[in-house]
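Residue numbers run from 1 in the order of the sequence given.
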Amino acid sequence: MSFNHLLDFKENIITIVGSDNVLTDEKDTLSYRTGIRVGSGTACAVIFPQSLLEMWKVLQTCIAFEKIIIMQAANTGLTGGSTPDGQTYDRDVVIINTLSIDQLLILHEGDQVVAFPGTTLYQLEDRLLPLGRGPHSVIGSSCIGASVVGGVCNNSGGNLVNRGPAYTQLSLFARLNKDRKLELVNHLGINLGIEPEEILTNLEGFNFNKEDIKSDNLMASDIEYQSRVRDINANTPARFNADPRRLYESSGCAGKIAVFAVRLDTFPTPKEEKVFFVGTNQPTHFTELRKKILLDFVDLPDMGEYMHRSYFDGAMKYCKDIFLVLKYLGTHFLPKLLKLKRKVDAFTTNNRFLPSNFFDKLMQWIANILPNHLPKRIIDYRNRFEHYMIFSASDDSIKLTKELLDYETSKIEDFEYFMCKPEEGRDLLLHRYVAGAAPARYQVVNSSESGELLPLDVALPRNCINWHDILPSHIHEKMAQSFQMGHFLCMVFHWDFVVKKEVDVIKLKEEILDILDQKKARYPAEHNVGHLYKADLLLENFYRGLDPTNTFNPGIGKSSKNSFYN
């Protein structure tokens, strides 16, 4: 595109959002063009609309100027799906960052919510807590600060087995039809008017009443999830990205439409909660626990999280700074820290006298000189055992979980547990929560000895019993470091590898995926295909149906990046 064309585009955008909400300089846009683990590319602008109406007008302008559109909120995706992928697009790329549009509407006294595109899971949890309600997910395997809409679009969540992954059939979104006409589709189940400007203004102003709210028996959560998890004899996974049962408009869309709002169920918060920490050197003991819990328990634990020592140690060494920030400064401080990181990274990029990734290395140095941050009993288990389970149970499931653990550990010497004191439980869950950041920090700190990141997000069949021994030793020998953990009750695992420098990552990944195919595993499980995985035919057709012009997030799932998929 010509300079004048880009100048005209920028001037038009500035009239909508103001000059302070448009970035075009490469160093200013760098952090928005780069994924937190993988992926980076070019973009002619990053735009920050401040309202739903501004977002609609920005979309219209981008379409008029024939721009590629990548929708982005917190940019916490693990597969590069919220950033550009290289420079091989046939049109200019524009990133629309929605994090400023973070309003949250409470419906039915808290039974449901409407989340705007920038609303984070933190905000949702905080707003619901006084109402005695909770969101579908309160812990992320890796995505600190993720948005609610991003979770819906990318099939995230599911570690809370009584609530299920992020899913809804009720949303408000814009799509581009085959004639390149932008349409606003109101499937929120709320009467907001007819014209786009009217709909968006009424929603943002909460200008509707109870009589305007309907659902037509459409789902606002995955109400069938618990029954799928309990079917432990099935030779298919409980959940995975391309599951046709959970692809519906905004749900699983991977940014192929622009989502303005989603309507979601909330869940009652428990009266009592307990955290159990289990350790063993024989992971088969966990297989037996899972079987008895899912088949025999009337009330399931809320969460069953597996950690291998690799991820436990990785979190303890490389995520201490994040742990301490969240524990002592709170989640509300995290956006400020991320903003500071962006500024420091931009500064160091243009000042070569400072090392690359200076912010991460500085935070790691500070963390290294601070005293140990985990309780003594937890560290003791780390020293004695290689495999760990964290069960979070509430109300009636507390007694069931304790009785089962008492019985099972009494029979076997190399199998122990303890019920955490409140602070121990909070620290243990926070340790698990921040762990997903360990592989990227490891790679940064050890860049001279390590190669690329190879993150794998795998859904194993529900009847899998050798979950701990899927990859052969010659695969592991090619890794500089391996990190393993998972949402154990649903057989979804995160295997995050940092490969050795000399290893051909593409060839190695193909070899691993071939093994997973033989095991009837599906991948990715909950972070979408991004630019790391090839979308299967069903998923690709779903994307094409949402976006026939290939204007939104082209190239996703290794598909064509060209207009109309040519």
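Counting only distance, with no hydrogens or angles, the side chain of Gln443 and the backbone of Gly451 share a donor-acceptor pair below 3.5 Å. The backbone N or O of Phe240 lies less than 3.5 Å from no partner atom in the side chain of Arg522, so there is not a single donor-acceptor pair. A donor-acceptor distance shorter than 3.5 angstrom exists from the side chain of Gln169 to the backbone of Met219, with no hydrogens or angles considered. For the pair Gln72 (side chain) and Tyr32 (backbone), a donor-acceptor distance under 3.5 Å is present. The backbone N or O of Gly110 sits less than 3.5 Å from a side-chain atom of Thr266, completing a donor-acceptor pair. The backbone N or O of Ser31 lies less than 3.5 Å from no partner atom in the side chain of Thr34, so there is not a single donor-acceptor pair. A side-chain donor-acceptor contact under 3.5 Å links Ser450 to the backbone of Asn446.
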>> Before you tell me yes or no, could you show the steps for Asp457 and Tyr533 under side-chain hydrogen bond (donor to acceptor under 3.5 Å, both in side chains), namely the whole-Å CA-CA distance, both residues' side-chain angles and the distance that decides it to 0.1 Å?
In response: CA-CA 10 Å; Asp457 170 26; Tyr533 300 92; 5.7 Å; no
>> Test side-chain contact (heavy atoms from CB on, under 4.5 Å) on Leu203 and Leu105; report intermediate values, then the result.
In response: CA-CA 9 Å; Leu203 179 61; Leu105 307 182; 3.6 Å; yes
>> Let's go through Thr119 and Asp102 carefully: what are the C-alpha distance in whole Å and the side-chain angles of both, what is the deciding distance for side-chain hydrogen bond (donor to acceptor under 3.5 Å, both in side chains) to 0.1 Å, and is it a yes or a no?
In response: CA-CA 4 Å; Thr119 307; Asp102 60 357; over 6 Å; no
> Please walk me through it: do Lys292 and Glu408 pass side-chain contact (heavy atoms from CB on, under 4.5 Å)?
Replying inline: CA-CA 10 Å; Lys292 291 184 177 179; Glu408 291 295 322; 2.5 Å; yes
> For Val275 and Ile390, what are the C-alpha separation, side-chain angles and deciding distance, and is it a side-chain contact (heavy atoms from CB on, under 4.5 Å)?
Replying inline: CA-CA 7 Å; Val275 175; Ile390 304 169; 3.9 Å; yes
> Hey, mind stepping through Asp265 and Gln112 against side-chain hydrogen bond (donor to acceptor under 3.5 Å, both in side chains) and telling me if it holds?
Replying inline: CA-CA 4 Å; Asp265 290 332; Gln112 287 189 332; 2.9 Å; yes
>> Go through it in stages, so that I can follow the logic: the residues are Asn368 and Gln364, the test is side-chain hydrogen bond (donor to acceptor under 3.5 Å, both in side chains), and I'd like the CA-CA distance, side-chain angles, deciding distance and then a yes or no.
In response: CA-CA 6 Å; Asn368 286 342; Gln364 186 62 40; 3.0 Å; yes
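Of the charged side-chain nitrogens involved, none lies within less than 4.0 Å of a carboxylate oxygen, so that Asp380 and Lys376 do not count as a salt-bridged pair. For the pair Glu109 and Arg133, the salt-bridge criterion is not met [side-chain N within less than 4.0 Å of a carboxylate O]. Between Asp406 and Lys402 there is a salt bridge, with a side-chain nitrogen of the basic residue lying less than 4.0 Å from a carboxylate oxygen of the acidic one.
Within a 6.0 Å sphere centred on CD of Glu204, other residues, nucleotides and ligands contribute more than 12 heavy atoms. Atom NZ of Lys210 has 12 or fewer heavy atoms from other residues, nucleotides or ligands within 6.0 Å. Around CD of Glu423, the count of heavy atoms belonging to other residues, nucleotides or ligands within 6.0 Å does not exceed 12. Remark: Lys327 NZ is packed, more than 12 non-hydrogen atoms of other residues, nucleotides or ligands lying under 6.0 Å away. Atom CG of Asn217 has 12 or fewer heavy atoms from other residues, nucleotides or ligands within 6.0 Å. Ile379 CD1: more than 12 foreign heavy atoms inside a 6.0 Å radius.
Considering only heavy atoms from C-beta on, Ile293 comes within 4.5 Å of Pro301 through its side chain. Using a 4.5 Å heavy-atom threshold, the side chains of Val113 and Leu107 count as separate. Side chains of Pro237 and Val492 form no contact here, defined as non-hydrogen atoms less than 4.5 Å apart. You'll find the side chain of Pro165 reaches within 4.5 Å of the side chain of Tyr225, heavy atoms only. Within the 4.5 Å cutoff, no side-chain heavy atoms of Thr269 are placed close to those of Leu131. Side-chain atoms of His136 and Asp222, non-hydrogen and from C-beta on, never get closer than 4.5 Å to each other. Side-chain contact between Val262 and Phe173 is absent, with no heavy atoms from C-beta onward closer than 4.5 Å.
Considering Arg239, Arg245, Arg246 in turn, Arg246 is the only one that fulfils the salt bridge (Lys or Arg N to Asp or Glu O under 4.0 Å) rule with Glu224. Results of the side chain to side chain contact (heavy atoms under 4.5 Å, CB included) test with Leu471 over His476, Gln484, Met479 single out His476 as the only residue that passes.
Nearest heavy-atom pair, Ser394 versus Asp302, reported as atom, atom and distance to 0.1 Å: OG-OD2, 2.7 Å. Closest approach of Val259 to Pro117, counting heavy atoms only: O-CB, 3.6 Å.
A donor-acceptor contact closer than 3.5 angstrom is absent between the side chains of Asn463 and Asn235. Remark: the Asp496 side chain and the Tyr311 side chain contain an N/O donor-acceptor pair separated by less than 3.5 Å. Side chains of Tyr318 and Asp360: no donor on one and acceptor on the other come within 3.5 Å. Thr120 and Gln123 share a donor-acceptor pair across their side chains, judged by distance under 3.5 Å alone. With 3.5 Å as the limit, one finds no donor-acceptor pair spanning the side chains of Glu526 and Asn241.
Scanning for salt bridge (Lys or Arg N to Asp or Glu O under 4.0 Å) contacts around Arg309 gives an empty result, with sequence neighbours left out.
Expressed to the nearest 0.5 Å, how far CZ of Arg230 lies from CG of Leu295 amounts to 8.5 Å. How far CG of Asn155 is from CG of Leu247: 6.5 Å, rounded to the nearest 0.5 Å. Note that SG of Cys420 is 9.0 Å distant from CZ of Phe276, once rounded to the nearest 0.5 Å. The structure places NZ of Lys520 at 9.5 Å from OG1 of Thr236, a figure rounded to the nearest 0.5 Å. Note: Leu289 CG to Leu405 CG = 6.0 Å, rounded to the nearest 0.5 Å. Rounded to the nearest 0.5 Å, atoms NE2 (His527) and CG (Leu456) are 11.5 Å apart.
Taking the centre of each ring, His387 and His285 stay at or above the 6.0 Å mark. Remark: aromatic rings of Phe483 and Trp495 are distant, center separation not under 6.0 Å. Less than 6.0 angstrom separates the ring centroid of Phe312 from the ring centroid of Tyr388. Taking the six-membered ring for Trp, Phe488 and Phe391 have ring centres at least 6.0 Å apart. Aromatic ring centroids of His308 and His468 lie 6.0 Å or more apart.
Note: Tyr248 and Tyr167 have perpendicular aromatic rings, judged against thresholds of 30 and 60 degrees for the angle between ring planes. Under the 30°/60° scheme for interplanar angles, the aromatic rings of Tyr306 and Phe286 are found to stand perpendicular. Using a 30° and 60° split on the angle between ring planes, Tyr381 and Phe418 fall in the perpendicular class, above 60°.
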